[in-house]
There are 2 protein chains.
Amino acid sequence: MAMNDTPPSVIGRTALAVEVTDRLRQMILEGRLKPGEKIREKLLTEEFGVSRTPLREALKVLASEGLLELIPNRGAIISRQSDAEREEIFLVLSTLEGLAGELACEAATDEELQEIARLTDALRPQFEARDRRSYFSLNQAIHNAILNASHNETLIRSHALLAYRVQRARYQANPTAHLWERAVDEHEAIARTLLARDGARTRLLMTAHLRKLSSLTAEEEAGRGPGPGAIAGE
Amino acid sequence: MAMNDTPPSVIGRTALAVEVTDRLRQMILEGRLKPGEKIREKLLTEEFGVSRTPLREALKVLASEGLLELIPNRGAIISRQSDAEREEIFLVLSTLEGLAGELACEAATDEELQEIARLTDALRPQFEARDRRSYFSLNQAIHNAILNASHNETLIRSHALLAYRVQRARYQANPTAHLWERAVDEHEAIARTLLARDGARTRLLMTAHLRKLSSLTAEEEAGRGPGPGAIAGE
DNA sequence: GCATTGAATTATGCATTCATTATTCAAGTC
DNA sequence: GACTTGAATAATGAATGCATAATTCAATGC
């Protein structure tokens with residue numbers, strides 16, 4: 001009998017289709033492919049140096065993720081999302097993050113909670129320095145850490161799928177200093193309830209924290225790439 | 001200039017890859033392809049009468065939905081899910097359905113709420129007749145109606161994606177008569193809070209309603225197809 | 001007798017080719 | 001002059017073919 005069970009990451013080579021999927025997703029998220037833009041398979045195959053087969057497989061996957069739309073016999077266009085759609089997504093995201101907070105209170109290790117607290121402590125200095133780029137990536141790290149601390153893979157994946165689709169909007173949201181600081185306050189409060197393992201309260205705080213962002217994101221379509229734009233203060 | 005905007009469902013022919021995706025998904029959900037089973041591309045291409053190209057695109061999509069796993073150079077196997085995974089999924093689903101209930105209280109039309117109430121009224125007779133098949137499909141219709149009444153497409157899609165993965169478990173859950181009746185009670189309570197447009201309470205009831213199911217689903221792996229098995233009383 | 005090795009077979013990954021549908025653009029008509 | 005028609009072009013959809021990796025199974029050695 002063969003010994004089975006996926007060997008622990010022995011495979012060095014990544015499948016070409018997966019590679020293409022990831023690169024394309026990145027291009028969309030970074031705004032190198034703009035919403036509404038039509039995808040020319042030929043151009044991309046040349047840029048990636050692969051044939052149409054893996055590219056088309058990638059397009060199918062990204063379409064099922066909602067990042068682009070496939071129109072029969074007319075190719076793919078990058079999904080352009082309305083304000084209404086963004087609000088929908090934020091509403092679902094806020095609920096999922098609330099659940100993550102609640103679960104983290106039960107499932108997280110002490111070390112994980114400590115790490116979240118540590119990251120949160122670093123947040124206010126970035127706000128005070130008005131360093132949006134650093135703040136944004138630190139903020140994202142905190143949210144991800146809480147998600148991971150839920151120890152619920154399904155939740156983590158569902159969240160990631162939706163988070164993709166509003167990443168640019170989050171990045172470009174432009175809060176006032178006052179709102180930004182309140183976001184920092186909220187993060188500190190969340191860190192405290194997490195440490196206290198107060199699930200119900202953590203859920204409420206996290207849901208509320210994220211729902212506020214929904215009103216901060218503005219229509220930006222047909223934009224000129226990411227640029228040095230504003231950054232969400234969530 | 002060409003008049004554009006997708007013509008309202010003029011296209012009669014569905015793309016082959018989409019067709020294959022749907023049929024394969026159905027086969028998995030119905031248990032015709034059992035968890036852990038390896039997929040032979042050749043066999044399926046012969047059964048469907050298509051080439052490997054659209055089939056492989058379908059596999060990529062279903063893998064991204066979590067219905068099967070693609071192992072590089074070793075093909076696809078139907079995802080076998082552990083009790084733990086099922087619990088994860090139910091936890092997320094319960095939260096999403098709770099949100100759907102909450103949103104429905106704000107967004108639903110009176111007609112939609114009436115329809116939900118009407119469906120709910122038909123539930124108890126099915127329980128009393130112990131007609132599991134009818135009960136199950138009616139129950140599913142109610143849940144879908146509430147989801148749709150949320151008028152949040154993102155929520156509806158996210159929910160559907162996860163619901164796929166526990167459909168069989170839901171179908172096969174075998175509640176006691178007592179638990180089954182309590183599920184009916186809960187549904188009636190939910191219908192009432194919906195009609196009253198009491199969002200917060202609807203959310204609580206729906207989340208609780210679904211979380212109970214999590215403990216009802218049992219490991220069944222390597223099963224012998226769907227069979228006339230038990231049906232969830234949610 | 002059992003494990004190990006390696007050739008033959010089979011399946012998957014990707015590229016290429018063929019068929020079909022959309023798009024473009026020029027010619028003709030009203 | 002604007003609209004319609006249709007041929008030429010280009011793009012997408014699907015099938016086939018080729019290269020490579022995995023599996024099988026028999027032969028050999030211990």
Side-chain angles (χ1 to χ4, degrees), chain A residues 1-25 28 33 36-64 67-79, chain B residues 1-25 27-28 33-34 36-64 67-79:
Chain A
M1 78 215 80
M3 78 182 73
N4 45 8
D5 276 11
T6 48
S9 70
V10 174
I11 311 127
R13 301 193 332 136
T14 55
L16 207 41
V18 174
E19 183 98 5
V20 171
T21 305
D22 291 342
R23 285 185 62 182
L24 245 181
R25 188 190 293 113
I28 296 172
L33 295 171
E37 189 173 334
K38 193 173 180 311
I39 286 187
R40 307 267 163 186
E41 292 185 2
K42 197 145 178 291
L43 283 180
L44 287 179
T45 57
E46 283 163 8
E47 180 166 346
F48 290 151
V50 301
S51 80
R52 282 176 58 216
T53 306
L55 178 68
R56 285 176 54 80
E57 290 177 348
L59 292 179
K60 285 281 194 301
V61 170
L62 295 177
S64 89
L67 288 176
L68 47 85
E69 271 174 283
L70 290 176
I71 301 168
N73 296 319
R74 284 204 265 176
I77 59 172
I78 312 296
S79 294
Chain B
M1 78 208 76
M3 77 183 74
N4 45 7
D5 275 10
T6 48
S9 70
V10 173
I11 312 128
R13 300 197 331 135
T14 54
L16 208 41
V18 175
E19 183 98 5
V20 171
T21 306
D22 291 342
R23 285 185 61 181
L24 246 180
R25 188 190 293 114
M27 286 174 71
I28 296 172
L33 295 172
K34 280 163 271 176
E37 189 172 333
K38 195 172 180 308
I39 286 187
R40 308 266 162 185
E41 292 186 1
K42 198 143 177 291
L43 282 180
L44 287 179
T45 57
E46 284 164 7
E47 181 165 346
F48 290 151
V50 301
S51 78
R52 282 176 56 216
T53 306
L55 178 68
R56 285 177 55 80
E57 290 176 348
L59 292 179
K60 284 279 193 303
V61 171
L62 294 178
S64 89
L67 287 177
L68 46 86
E69 274 175 281
L70 290 176
I71 302 169
N73 296 320
R74 284 206 263 174
I77 59 172
I78 311 296
S79 294

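In the text below, chain A, chain B and the rest are named by the order of the sequence lines, each starting its count at 1. It should be emphasised that the depicted structure is a prediction, and the values quoted were computed from it without experimental measurement.
- Closest approach of A/T21 to A/A17, counting heavy atoms only: OG1-O, 2.6 Å.
- Contact check on B/E19 versus B/R23 returns no salt bridge, with no Lys/Arg side-chain nitrogen under 4.0 Å from an Asp/Glu carboxylate oxygen.
- In this structure, the CZ atom of A/R56 is 7 Å from the P atom of D/dA14, given to the nearest Å.
- Going from atom CD of A/E57 over to atom C1' of D/dT12 covers 15 Å, rounded to whole Å.
- For B/L59 against B/L68, the heavy-atom pair with the smallest separation is O-CD1, 3.6 Å.
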Between the protein and nucleotides 7-11 of chain C, list the N/O to N/O atom pairs that are separated by less than 3.5 angstrom.
none

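- Straight-line distance from the CG atom of A/L44 to the P atom of C/dA15: 14 Å, rounded to whole Å.
- Atom CG in B/L55 sits roughly 17 Å away from atom P in D/dG13 (whole-Å rounding).
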_Does A/T53 form a side-chain contact (heavy atoms from CB on, under 4.5 Å) with A/E57? I'd like the steps, not just the answer._
CA-CA 6 Å; A/T53 306; A/E57 290 177 348; 4.2 Å; yes
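- For A/R52, no side-chain nitrogen or oxygen approaches OP1 or OP2 of D/dT12 to under 4.0 Å.
- For the OP1/OP2 pair of D/dA14 and a distance below 4.0 Å, the side-chain nitrogens and oxygens of B/T53 include no atom meeting the criterion.
- Atom C1' of nucleotide C/dC14 and atom CG of A/L16 are separated by 7 Å, given to the nearest angstrom.
- The CG atom of A/N73 sits 15 Å away from the P atom of C/dT24 (whole-angstrom rounding).
- Inter-residue side-chain proximity for A/F48 and A/L24 is flagged as met; some heavy-atom pair is nearer than 4.5 Å.
- When every heavy atom of B/S79 is checked against every heavy atom of B/E69, the shortest pair comes out as OG-N, 3.8 Å.
- Here D/dG13 presents its P atom at 7 Å from CG of A/L70, a figure rounded to the nearest Å.
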